[in-house]
Each structure stands twice: as C-alpha cells, then as structure tokens.
Participant: 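Here it is: the structure, laid out below.
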Amino acid sequence: MNSATDDLVKSYLDALHRADLDAIVSLFAPGAVVHSPLYGPTPAPDFYRALFIDTDSAELTSKGVSEGRTSAGTRLVTFWFHFDWRLPSGVAAPFDVVDVAELDDDGRITTLSIVYDTVDVRPAFERETGSSWGSTEQDR
C-alpha cells in the first residue's frame with residue numbers, strides 16, 4: 001500500500017469521526033457522488049452535511065484497506081471499518097462497513113459506494129429521522 005492511500009484513508013476516517021465537513025469534502029473531486037444505503041445517491045457535500053446532522057457521535061475502527069482498479073482501469077481504494085454510530089438522540093446504530101472509493105488522477109474521490117447491511121441500522125435511522133431515501137414524498 002502506498003503512503004498516499006494510507007493518508008487518504010486516515011484523513012477520511014479522521015474527518016468522519018470529527019464530523020468535519022470541510023475536511024471530508026476536500027478529499028472529493030468536484031461533482032463527486034456518494035452512494036449510500038440510507039441516503040441514496042447524493043452529491044458528496046450534501047451527503048456529509050446530512051450525515052453529520054444525523055450524527056451525535058461516531059467512533060471508527062479501521063479493519064483493513066486494499067487497492068486495485070475497476071474493470072475500466074480507474075484507481076480503486078476499498079476500506080473496511082467499524083462505524084459505532086450514535087444518532088442525535090444518543091441511540092446506538094453500529095455497523096461494519098466497506099467504502100469503495102474510485103479516485104481521479106489527483107487521488108481525489110470521484111465516486112464513493114458505501115456497502116453494509118442495514119437490517120439493524122435502518123429501523124433506528126428511520127425512527128430518528130422520519131425518513132428513508134427509498135420512500136416517496138407521500139410516504140413521509
């Protein structure tokens with residue numbers, strides 16, 4: 001693993017832990033999109049703004065990092081971590097997650113796909129926020 005990858009993942013997890021919107025968005029290329037099981041596909045600044053509003057605290061534990069390429073040849077970094085998420089009310093919604101980041105030539109994230117099982121998290125999230133990206137406006 002190269003030091004640029006280590007720095008990217010460390011900076012990402014640190015900014016996520018601190019809920020530092022400017023720091024985390026600086027890791028993304030303009031126009032980058034985050035694909036999340038709870039929020040759906042969202043421009044990176046909007047995704048992290050919403051996530052930080054919906055977060056009381058978060059403890060993150062790295063479990064592994066790997067590098068590779070997409071089938072189209074784009075640089076890919078995958079990082080696995082435990083996200084001990086606390087919703088604004090303090091309700092725990094922890095999960096293990098794999099983030100798959102496609103990078104541009106400058107090492108900035110262009111697409112981030114967040115992969116985890118929401119079976120335990122979704123009910124607490126929907127109770128807390130009153131919404132789910134899969135619902136229609138009529139359902140809300």
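Atoms considered below: every heavy atom in the structure, side chains included; atoms not considered: hydrogens, waters and symmetry mates.
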Participant: Considering residues at least two apart in sequence or located in another chain, which fulfil the side-chain hydrogen bond (donor to acceptor under 3.5 Å, both in side chains) criterion with Ser71?
Facilitator: none
Participant: Flag yes if Val100 and Phe95 sit in one hydrophobic cluster, no otherwise; membership is Ile, Leu, Val, Met, Phe, Trp, Tyr, and two members link when side-chain heavy atoms are under 4.5 Å apart.
Facilitator: no
Participant: How about Tyr48 and Phe28: are their ring centroids closer than 6.0 Å?
Facilitator: yes
Participant: Report the distance from atom OG of Ser26 to atom CD1 of Ile109, rounding to the nearest 0.5 Å.
Facilitator: 9.5 Å
Participant: Could you check whether Arg75 and Thr5, counting side-chain N and O atoms only, form a donor-acceptor pair closer than 3.5 Å?
Facilitator: yes
Participant: Given side-chain contact (heavy atoms from CB on, under 4.5 Å), test Thr110 with Arg108 step by step and report yes or no.
Facilitator: CA-CA 6 Å; Thr110 59; Arg108 292 174 55 188; over 6 Å; no
Participant: Hydrophobic clustering (ILVMFWY, side-chain heavy atoms < 4.5 Å, transitive) - are Tyr116 and Phe81 grouped together?
Facilitator: yes
Participant: Below 4.5 Å, heavy atoms only, C-beta onward: do Leu38 and Leu51 meet side chain to side chain?
Facilitator: no
Participant: Would you say Leu87 and Ile114 are hydrophobically clustered, going by side-chain heavy atoms of ILVMFWY under 4.5 Å?
Facilitator: yes
Participant: So, are Asp7 and Lys10 salt-bridged, with charged N and O less than 4.0 Å apart?
Facilitator: no
Participant: Would Val9 end up clustered with Val115 when hydrophobic side chains under 4.5 Å apart are linked, directly or stepwise?
Facilitator: no
Participant: Taking atom OH of Tyr39 and atom CG of Asp54, what is their separation to the nearest 0.5 Å?
Facilitator: 3.5 Å
Participant: Donor-acceptor pair, distance only, cut-off 3.5 Å: does the side chain of Thr70 make one with the backbone of Thr74?
Facilitator: yes
Participant: Count the heavy atoms belonging to other residues, nucleotides or ligands that lie under 6.0 Å from NZ of Lys63, then report whether that count exceeds 12.
Facilitator: yes
Participant: Distance check, rounded to the nearest 0.5 Å: Ile24 atom CD1 versus His17 atom NE2?
Facilitator: 12.0 Å
Participant: If every non-hydrogen atom of Leu21 is compared with every non-hydrogen atom of Pro45, which pair is closest and at what distance?
Facilitator: CD1-O, 3.9 Å
Participant: Are Leu76 and Arg69 close enough that some pair of their side-chain heavy atoms sits under 4.5 Å apart?
Facilitator: no
Participant: Nearest 0.5 Å, what's the CZ-CG distance between Phe79 and Leu13?
Facilitator: 6.5 Å
Participant: Using the rule that Ile, Leu, Val, Met, Phe, Trp and Tyr join whenever any side-chain heavy atoms are under 4.5 Å apart, tell me whether Phe52 and Val97 fall into a single cluster.
Facilitator: yes
Participant: Once rounded to the nearest 0.5 Å, what's the spacing between atom CZ of Phe83 and atom CG of Leu60?
Facilitator: 5.5 Å
Participant: Would you compute the distance between atom CG of Asp99 and atom OG1 of Thr78 and round it to the nearest 0.5 angstrom?
Facilitator: 9.0 Å
